[in-house]
2 protein chains.
Amino acid sequence: MARMSAERRRDAIVDAALAVARRKGLAATTVRDVAAEMGSSSGLIHHYFETMDDVVAAAFERVAGDDLEQTEVLLDQAGDPTSVVRAFLSSYAPVGEDWAFQLWLDAWAEAARRPALREVSGRLNLAWAAMLERAIREGVKDGSFRSEDPAGAAWRILSLVDGLALQVVAHQTIVDRADMLAWAASATERELQLPPGSLAVNGATPPRA
Amino acid sequence: MARMSAERRRDAIVDAALAVARRKGLAATTVRDVAAEMGSSSGLIHHYFETMDDVVAAAFERVAGDDLEQTEVLLDQAGDPTSVVRAFLSSYAPVGEDWAFQLWLDAWAEAARRPALREVSGRLNLAWAAMLERAIREGVKDGSFRSEDPAGAAWRILSLVDGLALQVVAHQTIVDRADMLAWAASATERELQLPPGSLAVNGATPPRA
DNA sequence: GCCGATATTGCGCAAGTGTCCAATAGCGCG
DNA sequence: CGCGCTATTGGACACTTGCGCAATATCGGC
């Protein structure tokens, strides 16, 4: 295998781990699979990462971190606070077999037994809530929303969409994307004291790859 | 090992699998661990179950099914609809390292790759939503609540508490049981158009073992 | 008490696991 | 050009995995 700089190789490992995790799940991502995906030997992975937990955590951080950044950009471009929240909701709803959200499910389950992964998923969940809280505060400031507890509101909305997305991804049949969008919208309207229907999304497929 | 009737042995296997899953997680429950837990040979497990997926699904069904039944009883005894919903919320909030809810996390994550487990978790999730919907309809009928969409309301409340409980269990530090109770109560009050504070729980530890 | 049904054993199989490490190969600096 | 640093190899190690199967033990019904 072509020799790489430490930094580039580390990235390559994370990319390969991600590709494997996407196919087999975070929990079932193994050294040998990652090595095979890169076309290198398995020893190389342990030259860069102490344990598999670290590899998996890094892979998860790559997806979830990128997703967070992209969503931040998306919300920045959305305009008024109501549009920001609408964009948030529709970008959160899983599309088909959403492998990125499946990785969240894997991470939450594995958090109990993988310290590095728990640290990453905890930190990123917090960042998502913070992003939402910021959006809510702006809406409160400019009079679009009313909320006496923006932090609590952020966690309530985030937890609701997590819980709904979980149903969509884990049991496709029971709750579908349309249900999720409609339900998340109506609950959020109530939470932020918006008139009913103001968050309705007209079925457009969101940018979440 | 003492010879048992088919029915009793099947139960014993499920019990043993449950004990293992509680310690190591659903995903990491192995034939040999279950056999060791029972003090029998590993071949015996495959005499009763086709695959490990079936064993794991049966074990999960035992916990989650029992929990559902107990909650059904609890709600039946709660009295008026508002008390029913209050009882529901406080019984749902995880206590400490809630292994039962951790099994739900495991099940949702594994659902993608274990058909039998997916079937069970889907079916039980549906049953929880149905139970909640029934409670809401009764409250609407007797004028305790107002809701134009009891089914949607049930899924919204269930998803919210799932999302919150998930945070409590996966990342103990970020959201705690008290936050969860307070946030679930306020969102549910809005959902069912109850006066603020009417669902507040006064910190009592719930019966969820 | 015997016998057939079946519960139970215990090992074999082929494959896979994370981690470690001596050996090797290749790039960049002098 | 040559040397040293280090990226990379590839296999060893000690396990574990799900599943299958012939052999054996033990029960209930006659």
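In this text the structure is predicted, and so the values were computed from the model without any measurement. Because only heavy atoms are used, hydrogens play no part in the values below, and waters and symmetry mates are left out as well, while side chains stay in. By convention in this document, chain letters (A, B, ...) are assigned in the order of the sequence lines, proteins followed by strands, and residues within each chain are numbered from 1.
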Distance in angstrom units between [X] [atom1] and [N] [atom2], rounded:
X       : N      : atom1 : atom2 : result
B/Ile13 : C/dT8  : CD1   : C1'   : 11 Å
A/Arg10 : D/dA7  : CZ    : P     : 12 Å
A/Ile45 : D/dG10 : CD1   : C1'   : 13 Å
B/Met52 : D/dT16 : CE    : P     : 15 Å
B/Asp33 : D/dT16 : CG    : C1'   : 10 Å
B/Asp53 : D/dG18 : CG    : P     : 12 Å
B/Arg9  : D/dT26 : CZ    : P     : 13 Å
A/Glu50 : C/dG18 : CD    : P     : 16 Å

### Query
Can you say whether the rings of A/Tyr92 and A/Phe101 are parallel (under 30°), tilted (30 to 60°) or perpendicular (over 60°)?
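Judged by the thresholds at 30° and 60°, the geometry between A/Tyr92 and A/Phe101 is perpendicular.
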
Quick one: which of [options] gets closest to the side chain of [X]?
X       : options               : value
A/Ser42 : C/dT17, D/dT8, C/dT19 : C/dT19
A/His47 : C/dT19, D/dT17, D/dT8 : D/dT8
B/His46 : D/dA25, D/dC19, D/dA7 : D/dC19
A/Thr51 : C/dA7, C/dT19, D/dG10 : C/dT19
B/Ser40 : C/dT9, D/dT8, D/dG20  : C/dT9

### Query
Taking C-beta and beyond as the side chain, do A/Val55 and A/Val31 meet within less than 4.5 Å on heavy atoms?
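A side-chain contact under 4.5 Å is absent here.
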
### Task
Taking the side chain as every heavy atom from C-beta outward, state whether B/Arg62 and B/Asp11 have any pair of such atoms under 4.5 Å apart.
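Yes - at least one pair of side-chain heavy atoms lies under 4.5 Å apart.
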
### Query
When all nucleic acid strands are considered with a 4.0 Å heavy-atom cut-off, which category describes B/Phe49: base, sugar-phosphate, or nothing?
nothing

### Query
Between A/Asp106 and B/Arg113, is there a side-chain N and carboxylate O pair less than 4.0 Å apart?
yes

### Task
Map A/Ala28 and A/Leu44 onto DNA chain C by nearest heavy atom, then report which one ends up closer to the 5' terminus.
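Looking at DNA chain C, the more 5' nearest nucleotide goes with A/Ala28.
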
### Task
Indicate, yes or no, whether a donor-acceptor pair under 3.5 Å links the base of D/dG18 to the side chain of B/Arg32.
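Between D/dG18 and B/Arg32, which were checked side chain against base, a qualifying N/O pair under 3.5 Å is present.
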
### Query
Is there a donor and acceptor pair closer than 3.5 Å between the side chain of B/Arg3 and the base of C/dT6?
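Side chain to base: pair found, below 3.5 Å.
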
### Task
Verify the distance criterion only: is there a donor paired with an acceptor across the side chains of A/Ser186 and B/Arg156 at less than 3.5 Å?
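Side chains of A/Ser186 and B/Arg156: pair found under 3.5 Å.
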
### Query
Within the pair A/Ser41 and D/dT9, is there a side-chain N or O less than 4.0 Å away from OP1 or OP2?
yes

